[in-house]
Amino acid sequence: YYFEDFSGGERAMLSIVDISTGRATELPLGGGASVAWSPDGQRLATTSVSAENQVVLVELVDSSEVVVPLQCDTPCSLQVSWATFSPDGARIAFTDQSNAFADQSNELWIAALDDGHTTQVTGEALRTLSWTEQGIYYSKVEMGASGRRYPVIYRITPEGGTPQLYARLPEDCENYWMALSLDASTAVCAVFDRKPDVHIVEDFDRTGRR
């Protein structure tokens, strides 16, 4: 289990808590980092959109770090996020958030952790969710009958090809606030209650104190 604490400024603090003992271990991370657990639970892959073309592996036994520079067949500038390990722990799948603020789909990539060689799998992913023997699971956004955009889960092989629809989530699920279990059997999502109320506030403090 982990928390990310950004109160210290640019670097987040990762707190790893042993549920059985309550013992906590803290590790510093780059700002805006996301974290993935290896299948054996012995290492973490941390990524940050502020550090392009790299993944940092953290060995939990001694808190040592190894930076893995990512290599593409053609020039690339990857902002790595939402990584998940392959079942054997030798690779990660992740989404590139270079287009996150350009109203375009993110791209799903795979990186080998021994040499950093990186290949693109598909160009329609929103978030990478899980990787099992059956394939890589990712979400994309579609338009529901209510007119709202909501997440839909697809599965694709590591070699690419045609994605297969895996699950449609309820239309009130938030696009980013969701997760899929490691075995891809259970999904969880956040639902924000939107009320069509208009609140009129009068006599407020114009000094900005409250």
Side-chain angles (χ1 to χ4, degrees), residues 1-2 4 14 16 27 29-30 32-49 51-74 76-98 100 105-140 151-167 169 176 178-188:
Y1 186 65
Y2 73 90
E4 289 183 38
L14 178 72
I16 304 171
L27 300 173
L29 297 176
S34 62
V35 177
W37 288 91
S38 65
D40 60 8
Q42 299 304 306
R43 61 166 36 175
L44 300 174
T46 70
T47 66
S48 174
V49 295
E52 293 183 348
N53 294 335
Q54 73 174 39
V55 172
V56 179
L57 301 179
V58 181
E59 299 293 341
L60 297 182
V61 64
D62 58 4
S63 301
S64 61
E65 297 184 0
V66 175
V67 178
V68 180
L70 301 183
Q71 311 292 331
C72 304
D73 293 332
T74 58
C76 62
S77 179
L78 301 174
Q79 294 182 346
V80 182
S81 187
W82 308 117
T84 183
F85 277 88
S86 62
D88 62 3
R91 296 177 290 173
I92 61 168
F94 63 89
T95 49
D96 169 31
Q97 289 199 313
S98 299
S105 296
N106 298 332
E107 297 171 346
L108 175 64
W109 293 70
I110 289 178
L113 296 177
D114 56 351
D115 60 6
H117 183 259
T118 308
T119 55
Q120 183 180 346
V121 180
T122 183
E124 64 175 13
L126 176 68
R127 283 187 54 178
T128 311
L129 300 174
S130 187
W131 189 343
T132 72
E133 297 291 348
Q134 285 69 46
I136 302 171
Y137 300 81
Y138 66 92
S139 66
K140 59 181 292 188
V152 179
I153 299 175
Y154 282 81
R155 181 173 64 195
I156 193 171
T157 67
E159 294 74 29
T162 302
Q164 302 297 316
L165 176 64
Y166 183 70
L169 302 185
Y176 279 97
M178 59 169 297
L180 188 65
S181 61
L182 292 179
D183 63 359
S185 64
T186 306
V188 61

For A187, the side-chain contact (heavy atoms from CB on, under 4.5 Å) test, sequence neighbours excluded, returns I153, L169, L180
With sequence neighbours left out, the residues meeting side-chain contact (heavy atoms from CB on, under 4.5 Å) with T162 are Q164
* To do: Quick one: do N106 and Y138 satisfy side-chain contact (heavy atoms from CB on, under 4.5 Å)? Show the steps, please.
  => CA-CA 11 Å; N106 298 332; Y138 66 92; over 6 Å; no
Closest non-hydrogen atoms of T118 and L70, given as atom of the first, atom of the second and distance, are OG1-CB, 3.6 Å
M178 and S139 have their tightest heavy-atom pair at SD-CB, 4.0 Å
The salt bridge (Lys or Arg N to Asp or Glu O under 4.0 Å) partners of R43 (sequence neighbours excluded) come to E59
Residue pair L165 / Y154, side-chain heavy-atom distance below 4.5 Å: yes
Between the side chain of Y166 and the main-chain N/O of A184, is any donor-acceptor distance below 3.5 Å?
yes
- Message: I'd like to know if the side chain of D96 reaches the main chain of Q79, judged simply by a donor and an acceptor atom lying under 3.5 Å from each other, with no hydrogens or angles considered.
- Response: yes
Open item on the list: Could you check whether any side-chain heavy atom of L126 comes within less than 4.5 Å of a side-chain heavy atom of T95, counting everything from C-beta outward?
Closed with: no
Other residues, nucleotides and ligands only: do more than 12 of their heavy atoms fall within 6.0 Å of CG on L60? yes
(Q) Has T128 got a side-chain atom pairing as donor or acceptor with A83's backbone, closer than 3.5 angstrom? (A) no
Applied to residues 128-140, the salt bridge (charged side-chain N to carboxylate O under 4.0 Å, His left out) test, sequence neighbours excluded, yields E124-K140
Exercise. Under 3.5 Å, side chain of N53 to main-chain N/O of C76, donor-acceptor pair present?
Worked result: yes
With sequence neighbours left out, the residues meeting side-chain contact (heavy atoms from CB on, under 4.5 Å) with V121 are L108, I110, I156
Sorted by chain and number, sequence neighbours left out, side-chain contact (heavy atoms from CB on, under 4.5 Å) with Q134 holds for T132, Y137, R155
On a heavy-atom basis, the closest approach of T84 and S130 is OG1-CA, 3.8 Å
Separation between OG (S86) and CD1 (I92), nearest 0.5 Å, reads 9.5 Å
Looking only at heavy atoms, the pair that brings W131 and P158 closest together is CZ2-CG, 3.7 Å
Note: C72 and W109 closest approach over all heavy atoms is SG-CZ3, 4.1 Å
Shortest non-hydrogen pair, V58 vs E65, comes out as CG2-CG, 4.0 Å
- Checking S181 side chain against T186 main chain: does a donor-acceptor pair fall under 3.5 Å? yes
The reported gap from CG in D88 to CG in D40 (rounded to nearest 0.5 angstrom) is 10.5 Å
Report the C-alpha separation of F94 and L78 in whole Å, then their side-chain angles, then the decisive distance to 0.1 Å, and conclude whether the side-chain contact (heavy atoms from CB on, under 4.5 Å) test is met. CA-CA 10 Å; F94 63 89; L78 301 174; 3.9 Å; yes
